[in-house]
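First up is the structure itself, then whatever we jot down about it.
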Amino acid sequence: MTALLTGTATSVHPRSAPARIWNVVRLHLVDRRTYIGIPWLIAGMAFVVTVFMAQIIGFTTGGLGTADAIAGQRYSWAVLAPQGYLIAVGVQAISFGFPLALGFGVTRRDFYLGTALLFVLISAANALAFAVLTQLEQLTDGWFIDTYMFNAIWLGIDGFWVDLFSFFVMQLLVFFIGASIATIYMRWRMPGMLIFWSALALAIVGTVTIITFTSNWPAVGLWYGAQGIAGIFAWLLVPAAAAGFGGFLALRRATPKN
Amino acid sequence: MNLTEPAVRVTGLTKKFGAFAAIDDVSFTVETNKIYGLLGRNGAGKTTLMQLLTGQQFATSGTLEVFGASPVENARVLQSLCFIKETQKYPDSFRPEHVLASAPWFFANWDADFAASLAQDFRLPLNRPIKKLSRGQLSAVGVIVGLASRAPLTFFDEPYLGLDAVARQIFYDRLLEDYAEHPRTIILSTHLIDEVSNLLEHVLVIDEGRILMDQDADELRGSASTVVGKKTDVDAFVAGRDIISRDGIGGLASVTVTGLSEAERAAARTAGLELSPVSLQQLIVQRTTSTTSETASTTDAWSARS
């Protein structure tokens with residue numbers, strides 16, 4: 001059979017590390033619906049629901065556009081509606097993306113760096129979009145119909161730059177929490193999940209117990225108040241970075257399931 | 001043809017999952033630009049071995065070189081490999097078109113026209129969600145990526161799973177055509193030996209994590225023959241030979257023996273015995289089970305007679 005061979009043997013010109021990492025970003029984005037289409041569809045649906053809710057509030061409180069009505073709409077979490085879905089996207093980036101990338105001959109290192117770069121890029125884009133929409137909502141007095149979705153929870157209080165920074169950190173945290181949970185599973189399977197969730201539950205109840213027994217809740221409250229919005233989100237960079245770096249270390253020795 | 005450096009060199013490779021050795025002290029080499037069959041029963045260790053070769057699993061001990069270096073986290077080596085597992089997972093929303101769109105970013109030799117024509121040949125619905133594809137269509141996705149990637153070392157993992165007869169023939173034809181034009185090293189794992197036996201140039205048989213057979217396919221085919229005839233004649237002819245297996249019904253016997261020379265074949269024919277070639281599948285089944293079935297067959301013949 002060897003005698004039949006007529007062509008020249010195949011060879012491969014190696015690609016540079018930046019090109020390989022960028023190709024992982026493209027692999028995640030080859031189906032645009034996952035990171036862009038569906039999150040914005042959810043945000044759009046949340047906005048439609050918010051319009052109706054605002055009308056109901058207006059009808060019952062006797063008029064939208066009052067200071068009370070605007071403050072009341074701050075309690076809506078509609079602006080964070082896509083985040084539940086995006087945690088699942090973070091999980092799937094690892095649980096489905098990792099096995100596929102390995103099949104495509106990608107190293108674990110390149111896969112993780114590409115995935116992390118994607119998270120940073122999408123977080124930056126979402127932060128910019130939501131911060132701009134928050135400003136537009138203020139400028140247009142609630143889209144000319146006194147409907148406030150983006151000026152909610154902590155957004156639209158300390159200005160554009162704080163919105164941009166805080167949303168970026170929040171988005172990054174959402175992606176990396178989803179990804180690191182999936183990575184723990186990929187690396188250690190069920191035992192890893194059991195240990196992780198038990199340790200997390202113990203850490204939370206342990207912290208609450210210590211604060212309660214030492215009567216430190218007022219001090220904790222004061223500390224939070226002193227941080228301000230930007231300060232709180234700066235602190236949230238710590239768990240985001242821990243999840244990001246921890247995920248990298250765990251994935252370097254992870255193996256896909258059969 | 002350049003056959004100086006083997007594509008794969010494995011020495012004393014062991015992979016344990018807990019106490020269970022999925023791969024047990026295995027050594028072999030794979031020469032470049034040949035088609036290898038990695039054959040074995042379900043659970044024999046075929047997938048684990050391929051995962052080790054592609055850096056997806058980490059070896060417990062032993063050394064493993066692919067294109068001269070360990071494949072683990074080695075971008076240079078991994079860029080030359082293509083391994084779409086039989087159980088390959090894809091992102092939830094993926095359609096075959098997404099796989100074909102992204103594959104060129106990872107396989108430098110990707111031929112998009114070839115991939116498109118293969119998709120047509122296999123009648124693969126490109127815009128149907130992958131999780132809704134039939135088993136055969138899912139196999140077709142892996143086969144198309146494997147063929148169109150033209151990776152210097154390409155793995156096909158149970159490519160026939162779920163494929164209909166026409167699709168199997170298409171795979172067979174396209175693989176040989178494309179291999180002739182673009183020679184590369186191919187490792188094809190399957191437990192359906194007869195389906196692929198004509199493709200293979202070299203056979204690696206694995207069972208319970210060990211390499212049972214590592215042989216040139218043609219040599220293997222010529223390494224044994226089955227002698228059929230009257231039991232007394234057959235027994236006389238095979239006396240003192242290396243018997244692989246023995247079958248018999250009543251006064252007839254069919255015995256498979258190793259290595260017969262031309263003179264011996266002629267002698268057998270003069271003695272009124274029939275010689276028949278042994279299929280790769282028969283040979284491998286016989287070698288891997290290595291038991292004779294004469295007793296059982298004789299008993300059956302007896303009970304049929306009484």
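Every chain is numbered from 1, with letters handed out A, B, ... down the list of sequences.
Only the side chain of B/N109 comes within less than 4.5 Å of a heavy atom in chain A; its backbone stays farther off. Contacts between B/Q88 and chain A at a heavy-atom distance below 4.5 Å involve the side chain alone, from C-beta outward. Contact of B/T54 with chain A is not made at all, since no heavy-atom distance falls under 4.5 Å. Using a 4.5 Å cut-off between heavy atoms, A/A254 contacts chain B through its backbone alone, with no side-chain atom that close. B/V99 touches chain A through backbone and side chain together, each having a heavy atom under 4.5 Å away. When heavy atoms are compared at a cutoff of 4.5 Å, A/D31 approaches chain B by way of both its backbone and its side chain. For a residue to count as touching a neighbouring chain, one of its non-hydrogen atoms must lie under 4.5 Å from one of that chain's; by this rule A/R33 touches chain B with the side chain only. With a 4.5 angstrom heavy-atom cutoff, B/E86 does not touch chain A via any of its atoms. Contact of B/K89 with chain A is made through backbone and side chain together, with heavy-atom distances under 4.5 Å.
The shortest heavy-atom contact between B/Q51 and A/P256 is NE2-CG, 4.1 Å. The nearest pair of heavy atoms linking B/S102 to A/F104 is OG-CE1, 3.7 Å. The minimum heavy-atom distance linking A/V30 with B/H98 is given by the pair O-CD2, 3.6 Å. When all heavy atoms of A/G105 and B/L78 are compared, the closest pair comes out as O-CB, 3.3 Å. Nearest heavy-atom pair across B/G55 and A/R108 is O-NH1, 2.9 Å.
For B/F17, the CZ atom counts as densely surrounded, since its 6.0 Å shell holds more than 12 non-hydrogen atoms of other residues, nucleotides or ligands. Heavy atoms from other residues, nucleotides or ligands lying under 6.0 Å from CZ of B/R41 number 12 at most. Within 6.0 Å of atom CE in A/M193, more than 12 heavy atoms from other residues, nucleotides or ligands are found, so the atom counts as buried in its surroundings. Around the CD atom of B/Q215, the shell of radius 6.0 Å holds more than 12 heavy atoms that belong to other residues, nucleotides or ligands. A 6.0 Å sphere centred on CH2 of A/W77 holds no more than 12 heavy atoms belonging to other residues, nucleotides or ligands. More than 12 heavy-atom neighbours from other residues, nucleotides or ligands sit within 6.0 angstrom of CH2 on A/W154.
Of all the listed residues (B/S93, B/S149, B/A108), the one sharing the greatest number of non-hydrogen pairs under 4.5 Å with chain A is B/S93. Ranking B/F106, B/F67, B/F94 against chain A, the residue ahead of the rest is B/F106, based on heavy-atom pairs under 4.5 Å. Contact tally against chain B (heavy-atom pairs below 4.5 Å) for A/N23, A/D110, A/T34: the top residue is A/N23. In terms of non-hydrogen atom pairs under 4.5 Å with chain B, the most contact-rich of A/R253, A/H28, A/R20, A/Q92 is A/R253. When each of A/I38, A/L100, A/V24 is checked for heavy-atom pairs under 4.5 Å with chain B, A/L100 comes out on top.
The distance from the NZ atom of B/K85 to the CG atom of A/L102 is 8.0 Å, given to the nearest 0.5 Å.
Remark: side-chain polar atoms of A/R109 are not paired, donor with acceptor, to backbone N or O of B/N74 under 3.5 angstrom. The backbone N or O of B/W105 sits less than 3.5 Å from a side-chain atom of A/R15, completing a donor-acceptor pair.
Under the 4.0 Å criterion applied to side-chain N and carboxylate O atoms, B/E73 and A/R252 are assigned as salt-bridge partners.
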